Amino acid sequence: MSTLSDTARRVQAEPPLRRPGGATPSRGQWHWPDPQDVAPPQVGAARPRPGAGTVPLAGRWPADPPAGSWPPLPRADRAPDPDPAPAEDTGIFPSAEFTPAPQPVSASVTQRASQPVWPAQQVGATQPQADWSAYAAPIPEPAGPAPLRDPSPSRLAYRLNRMWLTPMVRHFVRVGVPILLLTAFVAVWLSDEGRRASLVGVFSSVRAAIENRPEFQVTGLDVQARSPEVAQGVAQILNVTFPVSSFHLDFEAIRETVEALDVVRDASVMVRDGTLVIRIDERIPAMIWRHAGGLDLIDAQGHRVARLATRAARPDLPLIAGEGAPEAIAEARLLWAAATPLNGRLRGLVRVANRRWDVVLDRDQRILLPAEGALGALERVLALDAAQDLLARDISVVDMRNPARPTLRLNPEAMTELNRIRRLANGAQSR
């Protein structure tokens, strides 16, 4: 604001401008400072051709006027301002001194009014031409035609593009590469023994803290079996010390150990309310098997149940004997069921040569059954016994191995008596 006020004050202090010839300019008109007398135009003189003998406009007037040319420069005959105001550097005009190009003498008044006139110019004098080459902008040379570029991709770019369109390659880049990088990072991290030891220690401490929680503690054992002897035997075999964490119990191993017993058909192991519960499905003995090693209880499938000390311990069970008898227990049970009429005399069944059965009765009687059709042969013998009391006679063996030709074997005493009777019959006939 102060700079503008100083400029206005300086302009007002200047004397009024005058026209060439001494006339004072009218209000609203403007002329350059320091007007000079300009020679009147010559009458009849040839009018100069525009542009002839003059400097081009770009050379006469620079693009950026000098900083000292505005506000108007003080006249040479005027005393300098005792308190000049500092010029404001607006950054628009350059600060270097600038001398405009001189005008020719033959220029018209109108041309002189529209062009700057400086004090150094004298009417009728020719001023030296200024060198404006430094201010002229260089004219760029026209560029040549742009080089042609092949729009087609290179061979490598084409192959890479086709490879990327393959689903397997895209899946490998998106999934396989991150997995490989993650695996490599984990492998490098775990290659240090100290890191591995610290990681194992952390996992061990966390696992121990979880395993020792009260809700995972087992404080007792409950064996659910049909007979108390089996339950007691299972508890002795397991030999588990309580309390113990359920994480330290191998349920599969416990189940296999229990099922290894002959009397156990199936077993289930579980933890319920802090108690180890074992449910046992026992095998039910169906017969007694006598062999060279003693007496064994076997179930309906011929599986051994337990060892039997004496036959009198289980008189309710039928007795079978012979090698391979447990494998043919199904047929033995059918024969035993068919021999129900002989229950009072039936002692057991004997497997012979692992191919056929003998029915053993009291008084050392035997019924020899065939390998095929044993049940039918036994039913025929029972029918004869029911009709003629065959088995009540002094007979030791009823041989049905050949069903078409049954054979009877008498006791030695009966055989002797039969021979005597035959001799008597023969002697009576001879008389």
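All figures in this text were calculated on a predicted structure; none of them were measured in a lab. Nothing fancy with the numbering, it's 1 onward along the sequence.
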Count the heavy atoms belonging to other residues, nucleotides or ligands that lie under 6.0 Å from CG of Asp273, then report whether that count exceeds 12. no

Do Asn419 side-chain atoms and Thr416 backbone N/O form a donor-acceptor pair below 3.5 Å? no

Do Phe172 and Leu180 come within less than 4.5 Å of each other through their side chains, counting heavy atoms only? yes

Give a yes or no on whether Arg207 atom CZ has more than 12 heavy-atom contacts from other residues, nucleotides or ligands under 6.0 Å away. no

Give a yes or no answer on whether the side chain of Gln217 reaches the backbone of Pro243 with a donor-acceptor pair at less than 3.5 Å. no

Donor-acceptor pair, Glu282 side chain versus Ser227 backbone, under 3.5 Å? yes

When rounded to the nearest 0.5 Å, the distance separating CZ of Arg213 from CD of Glu215 is 4.0 Å

Can you confirm whether more than 12 heavy atoms, excluding those of His171, are under 6.0 Å from its NE2 atom? no

Please confirm whether the backbone N or O of Leu190 pairs with a side-chain atom of Arg196, one donor and one acceptor, at under 3.5 Å? yes

Would you say the side chain of Glu252 lies within less than 4.5 Å of the side chain of Glu256, judging by non-hydrogen atoms? yes

Inspect the surroundings of CE in Met270 and state if more than 12 heavy atoms from other residues, nucleotides or ligands are less than 6.0 Å away. yes

Would you compute the distance between atom CZ of Arg304 and atom CG of Leu261 and round it to the nearest 0.5 angstrom? 10.5 Å

Assess whether atom CZ of Arg159 is packed by more than 12 heavy atoms of other residues, nucleotides or ligands within 6.0 Å. no

Short question: side chain of Thr407, backbone of Asp399 - any donor-acceptor pair under 3.5 Å? no

Hey, does the side chain of Arg314 reach the backbone of Pro285 with a donor-acceptor pair shorter than 3.5 angstrom? no

Val264 to Ala267 - nearest heavy-atom pair and separation: CG1-CB, 4.2 Å

Applying the salt bridge (charged side-chain N to carboxylate O under 4.0 Å, His left out) test to Arg345, which of Asp364, Asp385, Asp362 qualifies? Asp362

Less than 4.5 Å apart, side chain to side chain, heavy atoms only: is that true for Leu368 and Asp358? yes

Where Val305 and Ile298 come nearest, the two heavy atoms and their spacing: CG2-C, 3.9 Å

Do Ile210 and Phe216 make a side-chain contact, defined as non-hydrogen atoms from C-beta onward lying under 4.5 Å apart? yes

Where do Trp336 and Gly348 come nearest, in terms of heavy atoms and distance? CZ3-CA, 3.5 Å

Could you tell me if the side chain of Ile237 sits less than 4.5 Å from the side chain of Val258, heavy atoms only? no

Take a 6.0 Å sphere around CD of Glu417 and say whether it holds more than 12 heavy atoms from other residues, nucleotides or ligands. yes

Nearest 0.5 Å, what's the CG-CG distance between Leu349 and Leu369? 8.5 Å

With a cut-off of 6.0 Å (strictly less than), are more than 12 heavy atoms of other residues, nucleotides or ligands near CZ of Arg355? no

Distance check, rounded to the nearest 0.5 Å: Arg356 atom CZ versus Met400 atom CE? 12.5 Å

What I'd like to find out is whether the side chain of Leu249 reaches to under 4.5 Å of the side chain of Val240, using heavy atoms alone. yes

Has Glu323 got more than 12 heavy atoms of other residues, nucleotides or ligands less than 6.0 Å from its CD? no

Considering all heavy atoms of both residues, which atom of Leu276 and which atom of Val269 are nearest to each other, and what is their separation? CD1-CG1, 3.6 Å

Answer yes or no: is there a donor N or O on one side and an acceptor on the other, between the side chain of Ser245 and the main chain of Asn212, under 3.5 Å? no

Under a 4.5 Å cut-off applied to non-hydrogen side-chain atoms, are Pro153 and Asn161 in contact? no

Arg283 side chain near Asp262 side chain, heavy-atom distance below 4.5 Å: no

When rounded to the nearest 0.5 Å, the distance separating CH2 of Trp357 from CZ of Arg366 is 12.0 Å

